[in-house]
Amino acid sequence: ALERVGYKVVTATDGMEALEAYREHVDTVDLIITDVVMPKLGGLALYRTLRQEGHAVRFLFTSGYAAHEIVRGDLPDGDLSLLQKPWTLADLTHRVREVLDRK
């Protein structure tokens with residue numbers, strides 16, 4: 001869906017694959033869209049791993065859980081971009097643009 005509106009997309013089936021994919025494409029990835037709950041490595045663990053490695057890539061989390069349940073102090077306020085499920089394509093494209101436009 002994001003490719004249809006002009007974005008280049010790299011996909012992963014789980015958190016570990018996402019980590020490897022990011023490392024392979026580090027120079028071209030501007031945003032990681034991740035579910036909070038994923039097999040092998042959850043979205044918050046992916047975020048923490050990349051931050052510990054010194055990567056400042058932007059994240060957009062998606063979840064069916066309430067934002068306060070997800071974070072519980074795990075992320076700095078400025079780093080929490082959450083797209084609550086269920087969402088539409090319009091919701092997704094709007095949030096992606098919003099996160100990418102942040103300085």
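FYI, the numbering just counts along the sequence from 1.
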Next item on the list: Under the salt bridge (charged side-chain N to carboxylate O under 4.0 Å, His left out) rule, collect the residues that match up with D14, sequence neighbours excluded.
Entry: K40

Margin query: The criterion is side-chain contact (heavy atoms from CB on, under 4.5 Å); which residues satisfy it with A1, sequence neighbours excluded?
Written below: R4, L89

Check: Going by the salt bridge (charged side-chain N to carboxylate O under 4.0 Å, His left out) test, which pairs reach into residues 83-97, not counting sequence neighbours?
Finding: D35-K85, R95-E98, R97-D101

Next item on the list: Decide yes or no for R51 and V57: does some side-chain heavy atom of the first lie under 4.5 Å from some side-chain heavy atom of the second?
Entry: yes

Next item on the list: For residues F61 and L46, determine if any side-chain heavy atom of one lies less than 4.5 Å from a side-chain heavy atom of the other.
Entry: no

Note to self: Minimum heavy-atom separation for E17 and T11, please, with both atom names.
What the structure shows: OE2-O, 3.9 Å

Next item on the list: Report the C-alpha distance between R58 and V96 in whole Å, list the side-chain angles of each, state the deciding distance to 0.1 Å, and finish with yes or no for side chain to side chain contact (heavy atoms under 4.5 Å, CB included).
Entry: CA-CA 10 Å; R58 294 175 183 105; V96 165; over 6 Å; no

Margin query: Out of the candidates L82, L44, L50, I33, only one should pair with F59 under the side chain to side chain contact (heavy atoms under 4.5 Å, CB included) rule; please name it.
Written below: L50

Notebook entry, point to check: Which residue pairs satisfy the side-chain hydrogen bond (donor to acceptor under 3.5 Å, both in side chains) criterion with at least one member in residues 19-31, sequence neighbours excluded?
Noted result: R23-E53

Margin query: Working to the nearest 0.5 angstrom, can you tell me the gap between T62 OG1 and L83 CG?
Written below: 4.5 Å

Notebook entry, point to check: T93: what forms a side chain to side chain donor-acceptor pair (under 3.5 Å) with it, not counting sequence neighbours?
Noted result: none

Check: How long is the gap from CD1 on I32 to OG on S81, to the nearest 0.5 Å?
Finding: 12.5 Å

